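Right, one structure below, let's go through it.
Reminder, nothing fancy here: chain letters follow the sequence lines and each chain counts from 1. Everything numeric in this text was worked out from a predicted model, so none of it was measured.
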Amino acid sequence: MIKTTIGNISQQENQEVVIEGWLYNKRSSGKIQFLQLRDGTGFIQGVAVKNEVSSEVFNLCKELTQESAIRVFGIVRKDDRAPSGYELTITNLELVSLAMKYPISLKEHGIEFLMDHRHLWLRSKRQHAILKVRAAIGRYAREFLDNRGFTHIDSPIITSSAPEDSGSLFEVDYFGEKAYLAQTGQLYAEAAAMAFGSVYTFGPTFRAEKSKTRRHLNEFWMLEPEVCYLDHEGSLKLQEDLIEYIVQNVIKSCTLELKTLGRDIKELEIIKAPFPRITYDKAVEMLKENGMEIEWGEDFGAPHEIYLSEQFNGLPVFVTHYPKDCKAFYMEPDPDRPDTVKCADLLYPGFGEIIGGSERIHDLDILLQRIQEENLPMEVYDWYADLRKYGTVPHSGFGLGLERMTICITGVDHIREAIPFARTLNRITP
RNA sequence: UCCUCAGUAGCUCAAUGGUGGAGCAACCGGCUGUUAACCGGUAGGUUACUGGUUCGAGUCCAGUCUGAGGAGCCA
């Protein structure tokens, strides 16, 4: 008798094993019961035949309710009728706990109902697959950077200042003083980069925007690499290598999950560096040629980004050198085009922006001038300006949205399914 | 914040201004290969809330609440 998991079941063919899990679903005839089991690592069907098990076990099968916790003993059989290729011929069954009437059936449900039951919805096949992919993305992102000698630095979540002049910060009380939940770890990453060379932060960020779209969360996870002595072009190379590494490894390790999600693998296999690059100027030109309304100097809306993202044979595209008025104060102006900055957004086909990044201003005077131009409170950026006083160097960084990356790889249509417990405009529970 | 739409059984949805129904889930029974199994039966309702029009309102009108889709903001 071997204790095993469904994920490893192929190694136990024709052996008697025990699986500890839950009843996902059940179908029965008078003398045969099909138990759909799950244990967190996968799904498998257990078959109990009346003549081949004790009457106690067969009757217990009949009593089982959806999501009851059970310990299932059986022999692993290869079976072409099974979606995963394997079945379990049940020999014995232990009830760990009988589930009460389970609210989520396998039929259709509305999104409000499902989000109200998110704590249970996580158990369903599709949600399970999405979150396995999300975990893999985070794992490969860290692996890629760790392999390149990056140091993982945690930036604070409670901060005293607003890095960008927006009213999009969640306010918290900090011993009687106003503080805010971080909407980026970038400024801290820049400080750490000057100490460690290449760093990244990876943590939750918060935006108090009353966004109501399939692309926005009020709490989301962001990977923010920051590298000293790295210019704009070097940053783009790092970004495309990172995306390629994540996508190609997820294809390999999450085959079953992507199949569950009905994802077309071919669309993912072609995601390999280098990615095409166009300037903002060129992008505006393309949009105008397509008859879309846009004037130079305006930032792109969702329809613009989607259109641009789909013009490059299924590859993500870098849009570089935006007008400086569209972008954050800390971005390095392009000496050849001082009205633009050395930045890039990476637009994923059919989705839009998944990365935003730039070379940072490293010159103290230019930084102070930009802070002034944007009417930002100078005292807030005191320590940030310090980084330009003591051995300043050119450096670049970017932010990758974990949930957006998850959408692009899984193909799910709404970002609330790309995070375990979404925080959105109308939802803070469960 | 703006625009659009919706709210009826636990869930997903029907119901011309005229006796509120079905499928699934639950419960009882049947079936030895089911893949959201199937078949028969039972039970299940303050039609989101408040007010109005009407002989009569789930249905029409006004307001409120809740949610969804889209826009803006961005990762």
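Distances were taken from every side-chain heavy atom of A:Asp79 (C-beta onward) to each of B:G33, B:U34, B:C74; the shortest belongs to B:G33. Side-chain atoms of A:Asn25 lie closest to B:A36 of the nucleotides B:A36, B:G10, B:A68. Across B:A75, B:A68, B:C74, the shortest atom-to-atom separation from the side chain of A:Met222 is found for B:A75. Distances from the side chain of A:Gln45 to the nucleotides B:G33, B:C24, B:C74 place B:G33 closest. Listed nucleotides B:U32, B:A36, B:A75 differ in distance to A:Ile415; the shortest reach to its side chain belongs to B:A75. You'll find that the side chain of A:Leu106 is closest to B:A36, out of B:C73, B:A36, B:A75.
B:U8 and B:A22 have their C1' atoms separated by 13 Å, given to the nearest Å. Separating the C1' atom of B:A71 from that of B:G21 is a span of 39 Å, rounded to the nearest Å. Between B:U59 and B:U47, the two P atoms lie 10 Å apart (nearest whole Å). As rounded to the nearest Å, B:G44 and B:C11 have C1' atoms that lie 13 Å from one another. Taking atom P on both nucleotides, B:C3 is separated from B:A57 by 32 Å, rounded to a whole Å. Comparing B:G72 with B:U4, their C1' atoms are spaced 16 Å from each other, to the whole Å. One C1' atom belongs to B:A9, the other to B:A25, and the distance between them is 11 Å to the nearest Å. For B:U54 and B:G17, the C1' atoms lie 9 Å apart once the distance is rounded to whole Å.
For A:His216 against B:C74, a side-chain N or O and a base N or O form a donor-acceptor pair under 3.5 Å. No hydrogens or angles were tested; on distance alone, nothing pairs the side chain of A:Asn426 with the base of B:U66 as donor and acceptor under 3.5 Å. Judged by atom type and distance alone, A:Ser211 reaches the base of B:C73 through a side-chain donor-acceptor pair under 3.5 Å. Below the 3.5 angstrom threshold, one finds no donor paired with an acceptor across the side chain of A:Arg27 and the base of B:C31. Judged by atom type and distance alone, A:Gln33 does not reach the base of B:U34 through any side-chain donor-acceptor pair under 3.5 Å.
Residue contacts for A:His117: at a heavy-atom cut-off of 4.0 Å it reaches no nucleic acid atom on any strand shown. Heavy atoms of A:Leu400 sit nowhere under 4.0 angstrom from any nucleic acid atom. Looking at heavy-atom distances under 4.0 Å, A:Ser28 makes contact with a base. When heavy atoms are screened at a 4.0 angstrom cut-off, A:Asn51 is found touching base atoms of the nucleic acid. Within the 4.0 angstrom heavy-atom criterion, base atoms lie near A:Leu217. As judged by a 4.0 angstrom heavy-atom cut-off over every strand, A:Ala82 is placed among residues making no nucleic acid contact. Using a 4.0 Å heavy-atom distance criterion, A:Thr205 is classed as making no nucleic acid contact. Nucleic acid contact class of A:Glu403 (heavy atoms, under 4.0 Å, all strands): none. Residue-level contact check: A:Lys212 touches the bases, meaning some heavy atom is under 4.0 Å from a base atom.
At a threshold of 4.0 Å, the pair A:Arg337-A:Asp339 counts as salt-bridged, since one of the basic side-chain nitrogens sits closer than that to a carboxylate oxygen.
In this structure, A:Lys26 places its NZ atom 12 Å from P of B:A25, rounding to the nearest Å. One interatomic measurement links the two molecules: NZ of A:Lys125 to P of B:A36, which rounds to 8 Å at whole-angstrom precision. The CG atom of A:Leu425 sits 17 Å away from the P atom of B:C73 (whole-angstrom rounding). Rounding to whole angstrom units, NZ of residue A:Lys31 and C1' of B:G29 are separated by 15 Å. A:Phe43 has its CZ atom 14 Å from the C1' atom of B:A36, to the nearest Å. Between the P atom of B:U32 and the NZ atom of A:Lys62 lies a distance of 11 Å, rounded to the nearest Å. Between A:Glu305 atom CD and B:G72 atom P there is a gap of 9 Å when expressed in whole angstrom units. What separates CD1 of A:Ile111 from P of B:G67 is a distance of 13 Å, to the nearest Å.
Distances shorter than 4.0 Å separate none of the side-chain N or O atoms of A:Lys107 from OP1 or OP2 on B:C11. The phosphate of B:C24 has neither OP1 nor OP2 within less than 4.0 Å of any side-chain N or O from A:His109. Put simply, A:Arg416 has no side-chain N or O that comes within less than 4.0 Å of OP1 or OP2 on B:G67.
Applying the 6.0 Å contact sphere to NZ of A:Lys132 captures no more than 12 heavy atoms from other residues, nucleotides or ligands. Crowding of A:Glu293 atom CD: a count of heavy atoms from other residues, nucleotides or ligands under 6.0 Å not exceeding 12.
Side-chain contact, A:Ser235 with A:Glu359: no donor N or O sits under 3.5 Å from an acceptor N or O. For the 3.5 Å distance criterion, the side chains of A:Ser168 and A:Gln183 qualify, holding a donor opposite an acceptor.
Nearest-nucleotide positions on RNA chain B for A:Thr213 and A:Glu112 put A:Glu112 closer to the 5' end. Residues A:Ile32 and A:Lys101 both approach RNA chain B. Their nearest nucleotides, taken by heavy-atom distance, put A:Lys101 toward the 5′ side.
A:Leu88 pairs in a side-chain contact (heavy atoms from CB on, under 4.5 Å) with only one of the listed residues (A:Ile6, A:Ile19, A:Val18, A:Val47), which is A:Ile19.
A distance of 6.0 Å or more separates the ring centres of A:His152 and A:Phe202.
For A:Lys26 and A:Phe34, the positive end is not near the middle of the six-membered ring at less than 6.0 Å and at most 45° from its axis.
Under the stacking definition used here (centres under 5.5 Å, planes under 30°), the residue A:Phe34 fails to qualify as stacked on the base of B:G33.
Pairing partner, B:U53: none, since no Watson-Crick or wobble contact has both distances short of 3.5 Å. Pairing for B:C24 is with B:G10, a Watson-Crick or G-U wobble pair whose two hydrogen-bonding atom distances lie under 3.5 Å. Under the Watson-Crick and G-U wobble criteria, each requiring two contacts below 3.5 Å, nucleotide B:A68 is paired to B:U4.
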Exercise. Going through the checks in order, is the salt bridge (Lys or Arg N to Asp or Glu O under 4.0 Å) test met by A:Arg38 and A:Glu67?
Worked result: CA-CA 9 Å; A:Arg38 62 171 194 86; A:Glu67 286 302 320; 2.7 Å; yes
